[in-house]
Amino acid sequence: MKVAVENSLSHLKEALQNSGCEIVSMDNLANADCCVISGQDKNMMGMAETATKASVINADGLTDDEVVQQVKQRANRVH
């Protein structure tokens, strides 16, 4: 599974790689199956353009293990 990870979440990259995920750049969202964001840049107006059809996981308040678990759950739904 290809996962795009926001730059501020670099600590998650290793945990995701160890679980078998391939990390791709946020600039490469079109090729990502899943995207992990920090949640710090939430859209306060409730309006947003969808830049990807990939699942988006907000890592705010989650441990690394919880994020990895959510990525795996989304992967099972896709495959």
side-chain contact (heavy atoms from CB on, under 4.5 Å) filter on N28, not counting sequence neighbours, yields V24, S25, N31

Is it the case that the side chain of D33 and the backbone of K2 share a donor-acceptor pair, with hydrogens and angles ignored and the cut-off at 3.5 Å?
yes

Between the SG atom in C34 and the CD atom in Q73, the distance rounded to the nearest 0.5 Å is 11.0 Å

CZ (R74) and SG (C35) are apart, to the nearest 0.5 Å, by 10.5 Å

Only one of N58, L62, V36 passes side-chain contact (heavy atoms from CB on, under 4.5 Å) with Q70, and that residue is L62

(message) Between V56 and I37, is there a side-chain heavy-atom distance shorter than 4.5 Å?
(response) yes

Self-check item: Heavy-atom neighbours of K13 NZ exceed 12 at 6.0 Å
Solution: yes

Those residues at least two apart in sequence (or on a different chain) that pass side-chain hydrogen bond (donor to acceptor under 3.5 Å, both in side chains) with S8 are E6

Taken to the nearest 0.5 Å, the spacing of L9 CG from D64 CG works out to 9.0 Å

Value for CD1 (I23) from CE (M1), rounded to nearest 0.5 Å, stands at 11.0 Å

Practice item. Taking the side chain as every heavy atom from C-beta outward, state whether M26 and V5 have any atom pair closer than 4.5 Å. Key: no

field: Minimum side-chain heavy-atom gap S38-D60 below 4.5 Å
entry: no

(request) May I ask you to decide if T63's main-chain N or O and E66's side chain share a donor-acceptor pair within less than 3.5 Å? (result) yes

